[in-house]
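Read through the structure below, which is laid out as structure tokens, and then see the notes.
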Amino acid sequence: MPTPLSPVDATPPAVRAGVRGRLRRMLPDQVDGRVVVAAWATLVVQIGIVATGGLVRLTGSGLGCPTWPRCTADSFVATEEMGIHGVIEFGNRLLTFVLVAVAIVTFLFVVRMRRERRDLFWLALVIGLYVPLQAVIGGITVLTNLNPYVVGLHYFASVLLVTLSAALVVRVYAVPGPRRVAVPRAYRALTASTAIGVLVTVVVGILVTGSGPHAGDGGAARNGLDPEVMQHVHSWPAYVTLGLSLAAFAVAFRMPGTLRLPLWTGLLLATEAAQIGVGIWQARTGLPIALVNIHMVLAVVLVAAMTAVLMHQSLPAEARPRS
């Protein structure tokens, strides 16, 4: 006598297969509007979490939830007694779930094209796996009472996520298949040097922030560096990077027109100009919260723009460059 099917197995196999097939067919098998929107959403939320994380730090709410993964020893959510700092810190934690949701949707949108578009598949996968790791680093910052170096690592993890997200946006617009470098070696060296300048500027900026007054909590430690000296040190790679970017922009007009490098280097240059302007303004006005937060966000926008410049230097293997 046959064994009765359990409720889980009650659906006939053919029906289950049909449901899976319909769900699979709902997912894109090539880049379409949904994939483009998902890629842009990935970049936007990764930049957005930098803004909200900066707000946590700049309002002194870094220990608004004094432990992790719970908000308190007895609650996963902020309590009324914790006040506005608890609300701000818990709100930032909730945004992690938005990042996870966007990462999952983006991955699902590219999973059917994993053979034809391995670039999109691996970028989406790495971003999806990296987001929980970033949340864990955020938890460690709380458990270490906002150690400035751990906080800096938390910010730098967002820098890497923005880089990957910007690369994803660039690649969804790219023609699939083999590619070839379409710029001279000297120009690649110039933009690579500019990228190194951006990296050094961001890292030194993290150290500056770790020495300054915005520790995230009144009792949090500082890294012991002289903030006034570090502000000057921070400006050195920033101005070198600006000079390299000006050179990259000027030479970009001699590159193949198909690459649109004047556009991307122009965006890089404009972001740097805004970043330097805000940096000087905040230093001369006592580091007001709004300006510091804008400066933090512009730093990752700068990284995204630099990523776009680096990734717009190749063409499909069979394409002929348009001068």
Side-chain angles (χ1 to χ4, degrees), residues 49-69 71-72 78 82-93 95-96 133-162 197-239 241 275-300 302-303:
I49 199 72
V50 171
T52 60
L55 182 64
V56 169
R57 182 173 188 173
L58 296 168
T59 58
S61 304
L63 294 177
C65 287
T67 189
W68 187 88
C71 193
T72 70
M82 298 170 69
I84 187 63
H85 294 309
V87 172
I88 293 173
E89 165 63 6
F90 182 67
N92 186 61
R93 292 189 183 189
L95 286 178
T96 300
L133 176 61
Q134 166 72 316
V136 171
I137 297 173
I140 295 173
T141 66
V142 174
L143 297 177
T144 57
N145 292 316
L146 306 182
N147 178 290
Y149 293 104
V150 181
V151 173
L153 177 63
H154 188 45
Y155 182 86
F156 192 74
S158 287
V159 170
L160 295 179
L161 276 167
V162 168
V198 170
L199 175 62
V200 172
T201 303
V202 170
V203 171
V204 176
I206 291 172
L207 294 176
V208 174
T209 306
S211 69
H214 300 298
D217 184 81
R222 303 281 71 206
N223 60 22
L225 300 173
D226 187 321
E228 291 190 11
V229 172
M230 289 304 299
Q231 284 181 21
H232 291 293
V233 173
H234 182 39
S235 70
W236 301 339
Y239 288 127
T241 303
Q275 177 74 320
I276 290 173
V278 172
I280 294 173
W281 188 8
Q282 69 174 8
R284 293 182 176 178
T285 54
L287 301 176
I289 288 176
L291 290 180
V292 175
N293 207 22
I294 292 171
H295 196 59
M296 292 173 65
V297 173
L298 281 175
V300 292
L302 177 63
V303 169

Closest non-hydrogen atom pair, [X] against [Y]:
X: Cys65; Y: Gly86; answer: SG-O, 4.2 Å
X: Val233; Y: Pro237; answer: O-CD, 2.9 Å
X: Pro66; Y: Cys71; answer: CD-O, 3.0 Å

Contact between [X] and [Y] at the side-chain level, heavy atoms closer than 4.5 Å - yes or no?
X: Val303; Y: Leu199; value: no
X: Ile140; Y: Trp68; value: no
X: Tyr149; Y: Leu207; value: yes
X: Leu153; Y: Ile137; value: yes

What distance separates [X] [atom1] from [Y] [atom2], expressed to the nearest 0.5 Å?
X: Asn293; Y: Leu298; atom1: CG; atom2: CG; answer: 10.0 Å
X: Ile280; Y: Gln275; atom1: CD1; atom2: CD; answer: 11.0 Å
X: Gln231; Y: Leu287; atom1: CD; atom2: CG; answer: 6.0 Å
X: Phe90; Y: Leu95; atom1: CZ; atom2: CG; answer: 10.5 Å
X: Tyr239; Y: His234; atom1: OH; atom2: NE2; answer: 10.0 Å
X: Leu63; Y: Leu146; atom1: CG; atom2: CG; answer: 4.0 Å

May I have the step-by-step check of side-chain contact (heavy atoms from CB on, under 4.5 Å) for Glu89 and Arg93, ending in yes or no? CA-CA 6 Å; Glu89 165 63 6; Arg93 292 189 183 189; 2.9 Å; yes
Which is it for Leu143 and Thr67 under the side-chain contact (heavy atoms from CB on, under 4.5 Å) test, yes or no, and what are the steps along the way? CA-CA 6 Å; Leu143 297 177; Thr67 189; 4.0 Å; yes
Tell me which one of Val203, Val204, Val202 satisfies side-chain contact (heavy atoms from CB on, under 4.5 Å) with Val200.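 Among Val203, Val204, Val202, the one meeting side-chain contact (heavy atoms from CB on, under 4.5 Å) with Val200 is Val204.
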Donor-acceptor under 3.5 Å (Arg222 side chain, Thr209 main chain):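 Yes; judged by distance alone, with no hydrogens or angles, the pair exists.
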